[in-house]
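Data block below; observations after.
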Amino acid sequence: MFEINPGARRRMLLLAVSLAALSCAAPALGQTADQAGAPEKKAESKRPKVSDAKPTSPNATVNLLNLMVKRKLLSEDDAQSLIKQAEDEAYVSRQASKDATSKADEAAKAATAAAAAANPPGTRHVTYVPEIVKRQLREDIKKEVMAKAEKENWASPGLYPEWAQRIHFYGDFRARYAGSFFPTGNDPSLTNFNAINTGSPYDVSNANNAWPPAYNTYQNRNQVRLRARLGMDADLTNGFAAGLRIATGESNSPVSTNQTLGAGGSNFSKYSIWLDRAFLKYQIPNQDLAASVGRFDNPFWSPTDLVWYRELGFDGFAVQAKQEVMPDFTAFGVAGAFPIFNTDLNAGTNNVSSETAKFSSHDKWLFGAQGGFAMRFDPVSEFRFAVAYYDFENVQGQASDPCIIVASSDGCSSDLSRPLFAQKGNTYSALRNIASGTWNNLGQELLYQYFGLVQKYRPVVASASLDLGEFHPFHIVLDGEFVWNSAFDRALTGPGTGLGAAALPQAPGFALNNRAGTADGSIGPFNGGDMGWMARVTVGNREIRHFADWNVHVGYKYLESDATLDAFADSDFGLGGTNLKGYFLGGNVGLSENVWASMRWLSANNIAGSPYAVDVLLVDLNAKF
């Protein structure tokens, strides 16, 4: 007795089926030109199919396959696949033979016509083309047709043209329950500076008893949300590639593509679709050096979401490189320039009588560089470390020139220095240096104010990840990250006495938030900070791809008010931003191929300023394709 391994058995069966199917095409190889043009009634006959019944077929090999399926030696899908492949090859052979015979006869007719034209009238001439020449013509043309069939895939049903095979579509979907739970004791008047800066300026005189916009800090919320994304990557050859992706989202927020069901008009209103990615990339062939321009994924390696929201898109230009320095040791680096804000062409007021009605440019940029290494000390274990430096240019708020404000629509010279997107946590001060006069009752009313960031931001970030795979396929992964704002200046926050707790002073240069409370209700000293850190432990499968894959994680985050820009931090922990500390835990489990469920619990508290805390529960159903 001897055994044939499954691979060899399949090749033998494929050979048998191919020979049987090609035998049906054999008569076509010797047919005349007239026969090649005749309708093929037999070719239109019903193709044999595999079934569990007792089959009969004029093809012995098909009968053999049917018998093997019945005795469970071969699956029906494999049998159908073998028959399909053989039929496709027979079809190509028949087509090639027909084309070869037709073109050979056409060549013979052309030769006859040429000979007749070369002889005088009345000359009798019989053209004879040797059979060996005809066979050679047939073989040459057959090779030509087969090469064309292979290149254009016209003989293989279900395959795409060559150019279409270089385009890859992908997407994902997430349904989420989000519960936000606030404890008692939170400050109900936590100022929403982002609502002011993206809308009408706030009158700090409070002459009409209108309090500034505030965040919800005391009413629990339950939301059902979805996220859907569809993308395309295209290989443009010669090292070039391009990508596009669209996504859902309630707004153009850079840190969320979630769409709350029932929001944005309610009553089953349709939702917006946003351009989420659009880029061109060039990679030197056979080299790990690539350059990207447009809107693309975060080019910097970051194992946590301490500084960057995980799905944040970067606008601008980036270069990425890596090089294996020695076996199991690879160095990598990233550098890039990214515009955060570009001044509108017509930025300013519409006062045509003033030469200073239009504002000067106040473009904002992010410049960043990162270097690190990855060291593999085991086939399934790795340590990775990197240090990055980021420079946010022109994001600090600037005091304006003295300006006269008589209406909320009036502008001042430094209005463009305010952030036009923020979450919460960073420290703010007033921007406008509003002049006093009879028009505002000597500075007692009409004090419409915008607010800017007190600090500059040049964070230094150290990132590390240790992947222990001794229990493969299960891993133990330790992730950690530390951030320090090297441009932080505590002297910029100003004095801390003499103001009521609810006051919003109009003078620029005074930190309005992130101040300690006092017993008498006055605003106390600034107690914000410039650093943060995060640690996380994950146990289980590295990725959730298949049924029953799983992992769990637990971690702690501590991120002071001005360690980094709050605009780009994670939007889930503490409902977004900086000036937060607390723990988080969660897990994922695979439900099917590329379908999984996840649950996370995030508990956060303010570090500085007025009391604020929130617990967030996220339950997700995810799918990708």
Side-chain angles (χ1 to χ4, degrees), residues 178 180 182 185-221 223 249-256 258 260 263-265 341 395 397 400 405 407-412 414-432 434 445-454 499-508 510-515 517 521 523 528 561-562 565-569 571 574-580 604 606 608-614 616:
S180 304
F182 300 97
N186 281 354
D187 180 5
S189 58
L190 186 63
T191 303
N192 188 341
F193 291 104
N194 186 59
I196 298 172
N197 287 335
T198 56
S200 298
Y202 173 67
D203 183 1
V204 298
S205 69
N206 198 26
N208 55 2
N209 293 319
W211 295 98
Y215 289 102
N216 172 33
T217 60
Y218 54 91
Q219 291 291 349
N220 295 343
R221 290 287 187 264
Q223 298 172 298
E250 295 174 354
S251 67
N252 61 351
S253 164
V255 293
S256 177
N258 290 319
T260 302
F341 171 78
V395 298
S400 72
I405 298 294
S408 61
S409 58
D410 293 336
C412 294
S414 66
D415 286 356
L416 296 182
S417 68
R418 73 188 191 274
L420 292 179
F421 175 80
Q423 297 191 81
K424 58 182 182 297
N426 289 161
T427 306
Y428 286 85
S429 67
L431 291 178
R432 291 174 167 182
I434 302 175
E445 55 187 42
L446 301 179
L447 303 180
Y448 293 104
Q449 195 60 266
Y450 279 128
F451 304 92
L453 299 173
V454 170
L499 293 166
L504 284 176
Q506 83 171 72
F510 181 87
L512 300 172
N513 58 330
N514 298 326
R515 290 184 171 273
I523 296 179
S561 60
D562 296 291
L565 276 184
D566 64 27
F568 306 129
S571 60
L575 297 181
T578 62
N579 194 33
L580 295 165
N606 258 13
S610 56
Y612 169 78
V614 62
V616 176

Those residues that, when tested against [X], pass side-chain hydrogen bond (donor to acceptor under 3.5 Å, both in side chains) (two or more places apart):
X	result
N579	N514
T260	R225, E250
S610	D187

Inset, instruction - Give, for atom CD of Q449 and atom OG of S205, the distance between the pair rounded to the nearest 0.5 Å. - result: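 The OG atom of S205 is 11.0 Å from CD of Q449, to the nearest 0.5 Å.
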
Inset, instruction - Go through the structure and list residues passing side chain to side chain contact (heavy atoms under 4.5 Å, CB included) with P213, not counting sequence neighbours. - result: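 With sequence neighbours excluded, P213 shows a side chain to side chain contact (heavy atoms under 4.5 Å, CB included) to N192, A195, I196, given in chain and number order.
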
Legend entry - Partners meeting salt bridge (Lys or Arg N to Asp or Glu O under 4.0 Å) with D415 (sequence neighbours left out):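 Counting only residues at least two positions away or on another chain, D415 forms a salt bridge (Lys or Arg N to Asp or Glu O under 4.0 Å) with R432.
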
Inset, instruction - Ignoring hydrogens and angles, tell me if any N or O in the side chain of N197 forms a donor-acceptor pair with the backbone of N194 under 3.5 Å. - result: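 No, N197 side chain to N194 backbone: no donor-acceptor pair under 3.5 Å.
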
Inset, instruction - Indicate yes or no for a side-chain donor-acceptor contact from N513 to the backbone of G425 under 3.5 Å, with no hydrogens or angles considered. - result: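 Looks like no, no N/O pair under 3.5 Å.
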
Legend entry - For Y612, all residues meeting ring-ring contact (aromatic ring centres under 6.0 Å, His included), sequence neighbours excluded: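 Here no residue qualifies.
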
Legend entry - Residue pair L431 / C412, side-chain heavy-atom distance below 4.5 Å: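 They are not in side-chain contact.
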
Inset, instruction - State whether F193 and R418 meet the cation-pi test: NZ (Lys) or CZ (Arg) under 6.0 Å from the six-membered ring centroid, and within 45° of the perpendicular axis. - result: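 No.
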
Inset, instruction - Under the side chain to side chain contact (heavy atoms under 4.5 Å, CB included) rule, what do N606 and L580 come out as? Steps first, then yes or no, please. - result: CA-CA 5 Å; N606 258 13; L580 295 165; 3.8 Å; yes

Inset, instruction - Identify the heavy atoms of S180 and L575 that sit nearest to each other, and give their distance. - result: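 Looking at all heavy atoms of both residues, the closest pair is OG-CD2, 3.7 Å.
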
